[in-house]
Amino acid sequence: MAITLKSGTSWADAWQRCLTVAPEAFRDDHVLNLWNGAWQADGRALPATSPVDGSPIAGPPRLDADTAHQAVRASLDQHRAWRHIPLPERRARVAATLDALAQHRELLALLLVWEIGKPWRLAQADVDRAIDGVRWYVEGIDDILGERTPLPGPVSNIASWNYPMSVLVHAMLVQALAGNAVIAKTPTDGGVSCLTLACALAAREGIPVTLVSGSGGQLSEALVRAPEIGCVSFVGGRDTGAAVATDVADLGKRHILEQEGLNTWGIWNFTDWDKLTASIPKLFDYGKQRCTAYPRFVVQREAFDDFLAAYLPAVRTLRVGHPLAVEHPDDPYPALDFGPLINAAKAKELHDQVAEAIDRGAVPLHRSTADPTLFLPGQDTGAYVHPVTLLGPPPSSPLHHAEPFGPVDTIVLVDTEAELLAAMNASNGALVATLSTDDEATYERLAPQIRAFKVGHGKPRSRGDRDELFGGFGASWRGAFVGGELLVRAVTEGPSGERLPGNFPEYQLMP
């Protein structure tokens, strides 16, 4: 039976709803930038396509460097006024913004489906985590903030495209709650319409938010190096992050730089294979396009046969398809593990890396193929990559040492504890890791030697919500740690001479 698009979920439907909900921010075929407290019809809108099916969607209206500097100077004026707004009023405005986001939860989630390819369940979760997470701060901000004061200038946010709501909007609203004006650059690869709608709802409540689009080369001088900026908050890859780190270090500027790392899952003297089997499908959420994804398994050689018997049946259950395709127009949203990658270029890059790794000696253990019943007839599937598992990626392959940011697992076999630790620490620092071992004493002995901020015992770790702290070791993180009270501390000033918990060039301080 041919499947069809779920009723009311087309891009045209979503766009029309945006025009109705926030006409100040949306035009017939493009979005506006938000700066100086108003929506501005400037910037050159770039064409964009949805990863879901390659169809046209709204692209980012890119500003030039001079206009970006004007936006930053205007944000400083907003900051100087906002920092003196009493905390109860700031709290009330942020709470009203959360109510507005909750009211338009389904539209925000639908935009995420079209713009970055999230299945419906994960798109809703991204919106909900933003709302629920900020509510935790709203309820506890008095105790968290104490005598701390806002920064001298606004917080500049440059984030990747994969979590527009639960990472970027969440951070912006907490930063504003703490007394700062906030600036955000829309990710180049997707999310501009969702962010525009969220910022429109915040701006209506008087939150001093600036939202601009543009290339990193054009905007970095304003968003990173400008003297008006009080803090730079960055989420992205190591190459770009290293350039930002150099800039903020030279300027002595407050910074939070979350960068990628190769998160690993180690298997050592382990026998609870049913538990591992149950975990595998969850590790493929959003096609492993997450900073806390686990793309590398480091497995004790003598347990490899048992590992495969647990792993392969689980990975074969994964469902990949069009996030909005159903048998009948009024059916529920499809239950998928993931949909497309962020774009066809990324999909091709990953296909090429897999082919190159196999050509150089990696052993393909599993390669999924598309299920045509999960796609619309004749749709563009250029952005889709189906699960692949490789044994022994060669050292010359990017898959050996870097995070693929896609549904490609690699397995490395080891014979000693020393090899296990070396393989789990292959990327000079990671955000999360997991060690599966039956013996608690073995875990307690080995876990501190794994260079990851969070290490799970037989279960995955995540970025966390509410009071859970987050950071990274080595090259995976630079600057102040976040999460819980640390997010507020990172964007406020405390006692003279205070040393924030974080990973800085001159010191590393754990919370």
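If you're wondering where the values come from, they're calculated on a predicted model, not measured in any experiment.
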Charged N-O contact under 4.0 Å between K348 and D352: yes
When the ring planes of F270 and W273 are compared, do they come out parallel, tilted or perpendicular, using 30° and 60° as the limits? perpendicular
Considering the options I141, I144, V174, which one meets the side chain to side chain contact (heavy atoms under 4.5 Å, CB included) requirement together with W136? I144
Can you name the closest pair of heavy atoms from L376 and A325 and give their distance? CD2-CB, 3.9 Å
Given the rule in the side chain to side chain donor-acceptor pair (under 3.5 Å) test, do N425 and Q449 qualify, once you have shown the distances and angles that lead to the verdict? CA-CA 9 Å; N425 292 330; Q449 301 178 66; over 6 Å; no
Indicate yes or no: does E468 engage R461 in a salt bridge with an N to O separation below 4.0 Å. yes
On a heavy-atom basis, which atom in M424 and which in A433 lie closest, and how many Å separate them? CE-CB, 4.3 Å
Greater than 12 external heavy atoms within 6.0 Å of E440's CD: yes
Carefully, step by step, assess K118 and Q124 under the rule side chain to side chain contact (heavy atoms under 4.5 Å, CB included). CA-CA 9 Å; K118 285 200 170 184; Q124 284 190 306; over 6 Å; no
Centre-to-centre under 6.0 Å for H457 and Y443, is that the case here? yes
All heavy atoms of P119 vs all of P323, minimum pair found to be CA-CB, 4.0 Å
Using salt bridge (charged side-chain N to carboxylate O under 4.0 Å, His left out), reason through E258 and R478 one step at a time and then give a plain yes or no. CA-CA 7 Å; E258 176 186 333; R478 303 172 193 266; over 6 Å; no
Checking Q508 side chain against F504 main chain: does a donor-acceptor pair fall under 3.5 Å? no
Stepwise side chain to side chain donor-acceptor pair (under 3.5 Å) test for Y294 and T264: CA-CA 6 Å; Y294 287 83; T264 59; over 6 Å; no
What's the shortest heavy-atom distance between L111 and C18, and which atoms? CD1-SG, 3.7 Å
Pairwise distance OG1(T271) to CG(D438) - rounded to 0.5 angstrom: 3.5 Å
Would one find more than 12 heavy atoms of other residues, nucleotides or ligands at under 6.0 Å from atom CD of E106? no
List the steps, then state whether side chain to side chain contact (heavy atoms under 4.5 Å, CB included) holds for W265 with V298. CA-CA 6 Å; W265 191 303; V298 181; over 6 Å; no
R367, CZ: over 12 other non-hydrogen atoms inside 6.0 angstrom: no
Give a yes-or-no answer on whether the side chains of R360 and S396 include a donor-acceptor pair shorter than 3.5 Å. yes
Given the options L318, V408, D337, P387 meets side chain to side chain contact (heavy atoms under 4.5 Å, CB included) only with L318
What verdict does the side chain to side chain donor-acceptor pair (under 3.5 Å) test give for T277 and D274, after you've listed the backbone C-alpha separation in whole Å, the side-chain angles of each residue and the deciding distance to 0.1 Å? CA-CA 5 Å; T277 298; D274 289 343; 5.1 Å; no
Can you tell whether the side chains of D439 and R445 come within less than 4.0 Å, N to carboxylate O? no
Measure from the side-chain N and O atoms of N263 to the backbone N and O of C291, and report whether any donor-acceptor pair falls under 3.5 Å. yes
Kindly indicate, with the supporting measurements, whether the criterion salt bridge (charged side-chain N to carboxylate O under 4.0 Å, His left out) is fulfilled by D99 and R135. CA-CA 10 Å; D99 290 342; R135 284 201 196 281; 3.0 Å; yes
Could you tell me how the ring of F470 sits relative to the ring of F453: parallel (under 30°), tilted (30 to 60°) or perpendicular (over 60°)? perpendicular
Give a yes/no verdict on a cation-pi contact between R499 and Y507, requiring under 6.0 Å between NZ or CZ and the six-membered ring centre and an angle within 45° of the axis. yes
State, to 0.1 Å, how close F481 and A490 come at their nearest heavy-atom pair, and which atoms those are. O-CB, 4.1 Å
Please check if the side chain of K454 supplies one atom and the backbone of S462 the other of a donor-acceptor pair under 3.5 Å. yes
Test T389 against D409 for side chain to side chain donor-acceptor pair (under 3.5 Å), laying out the working first. CA-CA 5 Å; T389 307; D409 277 348; 4.8 Å; no
Is a side-chain N or O of S166 found less than 3.5 angstrom from the main chain of Y163, in a donor-acceptor match? no
Q259 side-chain N/O to A475 backbone N/O, donor-acceptor pair under 3.5 Å: yes
Please report the closest heavy-atom contact between P407 and V385, naming both atoms and the distance. CG-O, 3.3 Å
Side chain of D331, backbone of H328: donor and acceptor closer than 3.5 Å? yes
Applying side chain to side chain contact (heavy atoms under 4.5 Å, CB included) to L308 and L365, what does each step give before you reach the verdict? CA-CA 9 Å; L308 282 185; L365 298 176; 3.9 Å; yes
Contact between W120 and L110 at the side-chain level, heavy atoms closer than 4.5 Å - yes or no? yes
N503 side chain vs G474 backbone, donor-acceptor pair below 3.5 Å: yes
Side-chain heavy atoms of P334 within contact of L374, under 4.5 Å: no
Could you tell me if the ring centre of H170 sits under 6.0 Å from that of Y137? yes
Give a yes or no on whether the backbone of L112 and the side-chain of E115 come within a donor-acceptor separation of less than 3.5 Å. no
Is a side-chain donor-acceptor pair under 3.5 Å present for T437 with N269? no
Checking R463 against V167 for the side chain to side chain contact (heavy atoms under 4.5 Å, CB included) test, could you report, in this order, the C-alpha distance in whole Å, the side-chain angles of both residues, the deciding distance, and whether it holds? CA-CA 10 Å; R463 206 174 193 278; V167 173; 4.0 Å; yes
Checking the side chain of R290 only, and the main-chain atoms of D285 only, is there a donor and an acceptor separated by less than 3.5 Å? yes
Y286 ring centre to K288 NZ or CZ under 6.0 Å, with the angle to the axis within 45°? no
Taking T196 for the side chain and V192 for the main chain, is one N or O donor matched with an acceptor at less than 3.5 Å? yes
